[in-house]
Colleague: 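One structure is given below, represented as structure tokens, and several questions about it will come after.
Heads up: numbering here begins at 1 and tracks the sequence.
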Amino acid sequence: MKQTKSYLAKTVEDLKPSGIRKFFDLAAGMEGVISLGVGEPDFVTSWSAREAAILSLEQGYTSYTANAGLLELRNEVSSYMKKQFHVDYNPKSEIIITVGASQALDIALRAILDPGDEVIVIEPSFVSYAPLVSLAGGKPVAVQATEEYDFKIQTHQLEKAITDRTKAIMLCSPNNPTGTMLGEKELVELATFIEKHDLLVLSDEIYAELAYDEQYVSFAAIEGMRHRTLLINGFSKGFAMTGWRLGFVCANEELTAAMLKIHQYAMMCAPTMAQYAALEALKGGREDVEDMKKSYRRRRNYFVQSLNDIGLSCHIPGGAFYAFPSIVSTGLSSEQFAEQLLIEEKVAVVPGNVFGSSGEGHIRCSYASSMEHLQEAVKRIKRFVER
């Protein structure tokens with residue numbers, strides 16, 4: 001039968017594929033590639049967490065949990081957030097266990113947005129932020145953080161983006177892709193702006209465990225911001241549990257109830273065995289987290305210094321596991337640099353422009369790779385730049 005019209009939703013038709021995926025696909029077909037593109041730990045989930053998941057299967061814990069997740073896990077998340085980040089959430093009514101932090105972001109946006117509501121997305125940003133806003137019926141409004149301020153957003157930049165439809169701001173600290181972390185002073189200034197314009201904040205704190213030079217401060221811990229914050233976190237980065245797909249969202253009771261309605265219809269609950277693994281990770285995984293963090297810090301120091309020695313100017317990232325060097329000195333665009341580096345030297349990086357226009361002139365390199373691979377990658381990048 002002849003098809004006379006498109007049956008696809010216009011919003012989905014207009015979505016662009018992830019710019020990161022293009023370079024993963026190119027690298028996948030080549031041998032001997034050193035990948036600095038993948039945004040996940042190179043560590044394996046702790047044995048105690050894996051053992052807890054195995055035990056849950058052996059004991060037959062294979063049924064649904066409560067929609068919001070195992071209460072025991074929510075209790076542990078509540079204790080963890082209070083102890084580590086000084087924010088207090090009721091495990092029974094203010095925490096939802098989700099299928100990764102990505103699903104938490106999705107239900108948070110769908111819970112607060114009406115068609116046409118605007119969300120400020122601070123770029124460079126993780127590639128899914130703007131598409132998730134669009135899929136929730138909102139309008140993403142990009143505001144560019146710049147290298148001039150080490151990619152720390154300034155409130156005078158945000159002021160220009162405010163309209164009567166602005167409802168929320170997407171915040172990620174430590175940031176993907178830049179590694180920039182906002183300190184308490186910057187967060188307080190931002191909180192004053194949020195209060196002034198009566199906004200909500202979706203605070204993506206998935207890299208909170210990976211802060212290297214100063215104590216991490218949660219945006220929800222800033223005075224007056226708890227009731228305005230939808231706090232997103234999870235187990236993928238700090239606990240090396242990417243494949244388990246487990247995250248959580250914390251918010252006031254009204255917002256949580258709204259998100260739970262979406263979650264129960266769209267997802268039912270997060271995987272049961274993954275929840276038992278996460279429970280053990282929180283109870284007994286602190287030593288593993290600290291060991292990973294120390295290793296990342298050593299790699300960061302080596303890799304960022306090496307990039308600067310090569311002539312690729314790079315600020316010191318305060319957290320996460322990404323370096324975001326400038327490649328302007330080479331005369332190449334971000335895409336040209338990434339493509340030619342991959343073809344000529346078999347090093348995979350991500351062009352900065354896929355994270356927003358202010359990322360042009362940069363590349364994202366993940367140092368969540370062995371020191372041996374980082375040292376070899378530096379040699380290859382140096383050869384490429386010298387040519």
Side-chain angles (χ1 to χ4, degrees), residues 18 20 23-24 27 33-46 84 100-102 124-129 145 150-152 171-183 204-216 232-244 247 281 285-308 312 314-326 338 347-352 354-355 359 362-378 381:
S18 167
I20 297 177
F23 286 88
F24 286 172
V33 171
I34 296 176
S35 178
L36 305 182
V38 181
E40 70 173 329
D42 62 322
F43 293 93
V44 176
T45 305
S46 69
Q84 289 293 114
S102 296
S125 70
F126 181 47
V127 293
S128 75
Y129 289 170
D150 287 339
F151 296 103
K152 294 183 178 182
L171 182 67
C172 180
S173 173
N175 180 266
N176 175 8
T178 66
T180 293
M181 189 174 83
L182 300 178
D204 183 351
E205 305 188 5
I206 191 68
Y207 294 99
E209 285 285 1
L210 304 179
Y212 304 117
D213 303 315
E214 57 184 283
Q215 184 67 36
Y216 181 79
I232 314 294
N233 206 323
F235 301 89
S236 290
K237 311 300 182 178
F239 293 90
M241 294 179 68
T242 52
W244 299 83
R286 292 303 315 165
E287 187 175 337
D288 294 297
V289 172
E290 289 304 315
D291 287 345
M292 283 189 283
K293 191 163 129 178
K294 287 176 184 176
S295 179
Y296 288 141
R297 192 176 191 278
R298 286 194 297 271
R299 299 181 207 181
R300 178 202 65 169
N301 292 346
Y302 163 75
F303 190 64
V304 171
Q305 182 62 55
S306 297
L307 290 172
N308 280 296
L312 301 181
C314 185
H315 75 282
I316 297 176
F321 38 61
Y322 306 110
F324 202 62
S326 169
V347 176
V349 298
V350 182
V354 308
F355 304 102
H362 296 79
I363 54 172
R364 189 192 78 173
C365 309
S366 169
Y367 49 84
S369 187
S370 69
M371 186 63 82
E372 181 184 2
H373 280 168
L374 290 176
Q375 290 169 340
E376 178 59 28
V378 165
I381 294 170

Colleague: Could you pull out the closest heavy-atom pair between V33 and A348, with the gap in Å?
Modeller: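 Looks like CG1-CB, 4.0 Å.
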Colleague: Got a second to check how far H373's NE2 is from S35's OG, nearest 0.5 Å?
Modeller: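 Atom-to-atom, H373:NE2 and S35:OG are 10.0 Å apart.
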Colleague: Taking the side chain as C-beta and beyond, is there a heavy-atom pair between Y302 and V378 under 4.5 Å?
Modeller: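 Yes, at least one pair of side-chain atoms sits under 4.5 Å.
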Colleague: Where is the tightest heavy-atom contact between L307 and A323, given as atom of each residue plus distance?
Modeller: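 The answer is CD1-CB, 4.0 Å.
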Colleague: Quick check for you: to the nearest 0.5 Å, what is the distance between S366 atom OG and E40 atom CD?
Modeller: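 One finds 9.0 Å between OG of S366 and CD of E40.
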Colleague: So P325 and I363, do their side chains get closer than 4.5 Å, heavy atoms only?
Modeller: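 Yes. Closest side-chain heavy atoms under 4.5 Å.
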Colleague: With no hydrogens and no angle check, just 3.5 Å: does a side-chain donor-acceptor pair link H315 and T180?
Modeller: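 Yes, a side-chain donor-acceptor pair sits under 3.5 Å.
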Colleague: Could you give the distance from CG (N176) to OG (S128), rounded to the nearest 0.5 Å?
Modeller: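 OG of S128 is found 9.0 Å from CG of N176.
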Colleague: What I'd like to find out is whether the side chain of M292 reaches to under 4.5 Å of the side chain of E209, using heavy atoms alone.
Modeller: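 Heavy-atom side-chain distance check fails, nothing below 4.5 Å.
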Colleague: State the OG-OH distance between S295 and Y367, to the nearest 0.5 angstrom.
Modeller: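 Spacing of OG (S295) from OH (Y367) equals 10.5 Å.
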Colleague: Is there a side-chain contact between F324 and N175 in this structure, where contact means two heavy atoms from C-beta onward sitting under 4.5 Å apart?
Modeller: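 No. Closest side-chain heavy atoms not under 4.5 Å.
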Colleague: Can you sort out the partners of E290 under side-chain contact (heavy atoms from CB on, under 4.5 Å), two or more places apart, ordered by chain and number?
Modeller: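 If we apply the side-chain contact (heavy atoms from CB on, under 4.5 Å) test to E290, skipping adjacent residues, the hits are R286, K293.
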Colleague: Not counting sequence neighbours, which residues clear ring pair (Phe, Tyr, Trp, His ring centres under 6.0 Å) with F355? List them please.
Modeller: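 With sequence neighbours excluded, F355 shows a ring pair (Phe, Tyr, Trp, His ring centres under 6.0 Å) to no residue whatsoever.
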Colleague: Which label fits F235 and F239: parallel for a plane angle under 30°, tilted from 30 to 60°, or perpendicular past 60°?
Modeller: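 Ring orientation, 0 to 90° scale: tilted.
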Colleague: Please check if the distance between the ring centroids of F321 and F303 is under 6.0 Å.
Modeller: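 Ring centroids of F321 and F303 are no less than 6.0 Å from each other.
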Colleague: Is there side-chain contact between V347 and L36, with heavy atoms separated by less than 4.5 Å?
Modeller: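 V347 reaches L36 side chain to side chain.
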Colleague: Do side-chain atoms of R364 reach the backbone of Y322 as a donor and acceptor pair under 3.5 angstrom?
Modeller: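 Here the side-chain-to-backbone pair does not exist.
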Colleague: Do D213 and R297 make a side-chain contact, defined as non-hydrogen atoms from C-beta onward lying under 4.5 Å apart?
Modeller: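 With C-beta onward as the side chain, the pair touches.
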Colleague: If I compare all heavy atoms of S369 with all of R299, which pair ends up nearest, and what's the gap?
Modeller: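 In this case the closest contact between S369 and R299 is O-NH1, 2.6 Å.
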Colleague: Does the side chain of P317 come within less than 4.5 Å of V304's, by heavy atoms?
Modeller: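 Touching, per the 4.5 Å side-chain cut-off.
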Colleague: Just so I know, are the side chains of H362 and S326 near enough to count as touching, which here means a heavy-atom distance under 4.5 Å?
Modeller: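 H362 vs S326: side chains touch.
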Colleague: Which value, rounded to the nearest 0.5 Å, describes the distance between Y216 atom OH and Q84 atom CD?
Modeller: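 Y216 atom OH to Q84 atom CD measures 12.0 Å (nearest 0.5 Å).
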Colleague: For the atom pair CE (M371) and CZ (R298), what is the distance rounded to the nearest 0.5 Å?
Modeller: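 Output value for this atom pair is 7.0 Å.
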Colleague: For the residue pair K152 and M181, what are the closest heavy atoms and their distance?
Modeller: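 Heavy atoms of K152 and M181 come nearest at CE-O, 3.5 Å.
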